[in-house]
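Inspection log for the structure reproduced underneath, given as structure tokens.
Residue numbers start from 1 in every chain, and the chains themselves are labelled A, B, ... in the order their sequence lines are given, proteins ahead of strands.
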Amino acid sequence: MVLNRPPSGLHPPDDTPAYVSSTLRHPKRPLILMPHSTSELSGPTFGRESIAPTDHDLTRQFSSPPIGQRIIVEGRVMDEDGRPVRDTLIEIWQANAAGRYLHHVDTHDAPIDPNFGGAGRTLTDAEGRYQFVTIKPGAYPWKNHHNAWRPAHIHFSLFGECLATRLVTQMYFSGDPLLPLDPIFNSIPDPRARERLVASFDLSITRPDFAHGYRFDLVLRGFQGTPWESPCRS
Amino acid sequence: MGVAVPELTPFQTAGPFLSIGLRTGIGPPSSASGEPVTVAGRLLDGVGAPVCDGVLECWQAELGAFQRVLTDQSGAFQLDVMPTPFLSVVVLGRGILTRHWTRIYFEDAEHLDSDPVMQLVPVERRPTLIARKTGPRRYHFDVVLQGERETVFFDV
């Protein structure tokens, strides 16, 4: 079983000078190519019992609904061969509608919403599908450079079939004027790969009189020459 | 129109607020019986400053055990694990655009130098992968992201 290696230009380089925080936090010595063994080709699984009924709905985790435009974020998690990645944990976190995180480090002068925690989690179903209900996060300033603003985004964390398929990324919103200015978004060398992180408005996900819908599919690493079997969970 | 070939989703940093979404205490815990060992240390950047907004994820394939810990204000972390020859460790955080992947081996483990992955590492860099024994069932291991004492990271 051989796990595909990602093409160059896909993932951001560890050293991305435009993203200042990376300067002292990237290794300077060459990485050592790791042959994949059981340790990399296995990984944790998380059961449905670890997910509470409102974990996927960030608008129903407090006594009142949060302020903001309600949205549905829906998609499929699959591997490079298009096979669904089922029963895998997805964790998300985001700022509130005003662009403020519920976190002691966030000192942005925007209101905290007492009805919004900003964290969600779910497991994909048998077809690799997932759905979150949340509010559209606000953009917020950061100190990377003069007049720097992060585009609105939702952080995503996924495990996939094994530890080596682990992915942490961010979902953006189409039409955001901050995207071309953002050093984190632009850290992805391939412009086409960047665009995969931009969720598009989807009328078929939009629920009448309730919420806008956005589609965000995620593709994790796949395996060479094993199109119909999952090698990770032996 | 043909069916589009799925293309990989790129990484983005977990950022400084990862503790909102990356909850600790998620399983699966080890099912092995026995006494755990503690690996304590710090996550440090290229000038030796503590990385106080990072997360370490530790996987032990032999036990099917997963552990996620956050670093504190001094960059300190602590893993409590059942003994295995090594731990697979993924580091995430602000300033880390993808993830840094390393291993923690134990100083008093047998056949350290014949470990197939250790053999890929230049001899002079191997000590950065070895947790030093500091007491009964207690080890020290710093993850150094850059610089003189830079930990060996792997392309996985």
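When the candidates B:G15, B:G21, B:P10, B:G147 are compared by the number of heavy-atom contacts under 4.5 Å with chain A, B:P10 comes out ahead. Between chain B and the options A:G222, A:A119, A:S157, A:S22, the largest number of non-hydrogen pairs under 4.5 Å is found for A:S22. The residue among B:V144, B:V91, B:L18 with the most heavy atom pairs within less than 4.5 Å of chain A is B:L18. Ranking A:D106, A:L220, A:D15, A:N4 against chain B, the residue ahead of the rest is A:D106, based on heavy-atom pairs under 4.5 Å. Between chain A and the residues B:V47, B:I26, B:T151, the largest count of heavy-atom pairs under 4.5 Å involves B:I26. Heavy-atom pairs under 4.5 Å with chain A were tallied for B:I96, B:V117, B:V51; the largest tally goes to B:V51. Ranked by heavy-atom pairs under 4.5 Å with chain B, the list A:Q94, A:K28, A:H155 is led by A:K28. With chain B as partner, the option from A:P7, A:P27, A:P12 having the largest number of non-hydrogen pairs under 4.5 angstrom is A:P27.
Using a 4.5 Å cut-off between heavy atoms, B:L8 touches chain A through backbone and side chain atoms alike. B:L43 does not touch chain A: none of its heavy atoms, backbone or side chain, sits under 4.5 Å away. Neither the backbone nor the side chain of B:E62 comes within contact range of chain A; no heavy atoms are under 4.5 Å apart. Contact of B:L44 with chain A is not made at all, since no heavy-atom distance falls under 4.5 Å.
Between A:T45 and B:F66, the closest side-chain pair of non-hydrogen atoms is not below 4.5 Å.
Judged by distance alone, with hydrogens and angles left aside, the side-chain atoms of B:Q12 form no donor-acceptor pair with the main-chain N or O of A:S187 at under 3.5 Å.
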